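A short worksheet on the structure shown next.
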Amino acid sequence: MGTAKSTGLSAGQSLSATGTRCAPAEEELLRSVEAIAARHRGKPGALLAVLEECQRVDPHHYLSENTLCLIGQAMGEPLSRIYSVATFYSYYNLSPQGDHVIVVCRGTACHTRGSLGLLQEALSILGASEYREDEEASFTTDDKRFTVRTVACFGQCALAPVVAIDGVIYSRMTSSALKSAIEASARGGKK
Ligand code: FES
């Protein structure tokens, strides 16, 4: 494996070779993005892997505007391409995520078996009754403890309705089981 090439990023605002001007960034963030990019640069699927790892190491598991910009610099890609990839895949979060993430399936099978009620139940428990799933990608509580979002299908339609909490899939979810699972997550503290 070849030696990773430095992109020469600095803590100050800079104009990259791609013409992208990134806002000033913390030295730690710069180092982190560059190190991640260096590990993947030149490999198949490098950009997806860099986005995934940058999201994973972020304290709130999302890709900030500046992180996307720095990824563009580090990968030598225009910001427009970074954005188009990050927004195409629902896996990537563009807003801060809570310590606990509840994903409610809103596909047809789950919808016909009550997933809307489950979504409303979760939102109600977390004080987010004003959330509009058709307008917002997700809802995160002010204290950043919980995020609620939806998914088009988990691919487990026979087990509908399906809800994932902190990556654990719950099939044939009921309102009472959802309430218990959220309360257990709340008691469990940060993931
Ligand atoms: S519609 Fe919910 S798992 Fe497929």
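Note that the structure is a prediction, hence the values are computed from the model and not measured. Just so it is clear, the values below take in all heavy atoms, side chains as well, and ignore hydrogens, waters and symmetry mates. Read the numbers this way: they start at 1 and go in the same order the structure lists the ligands and their atoms.
- Applying the ring-ring contact (aromatic ring centres under 6.0 Å, His included) test to F139 and every residue at least two apart in sequence or in another chain returns nothing.
- Applying the salt bridge (charged side-chain N to carboxylate O under 4.0 Å, His left out) test to residues at least two apart or on different chains, the pairs with a partner in residues 103-113 are R106-E133.
- Per the SG-SG cut-off, C110 and C153 are not bridged by a disulfide [distance not under 2.5 Å].
- Pairs passing the salt bridge (charged side-chain N to carboxylate O under 4.0 Å, His left out) check and including a residue from residues 56-66, sequence neighbours excluded, read E52-R56.
- No salt bridge links E26 with R31; every basic N to acidic carboxylate O contact stays at or beyond 4.0 Å.
- A side-chain N or O of D143 and one of T141 form a donor-acceptor pair less than 3.5 Å apart.
- Inside a sphere of radius 2.8 Å centred on atom 4 (Fe) of ligand 1, the protein N/O/S atoms present are C153 SG, C157 SG.
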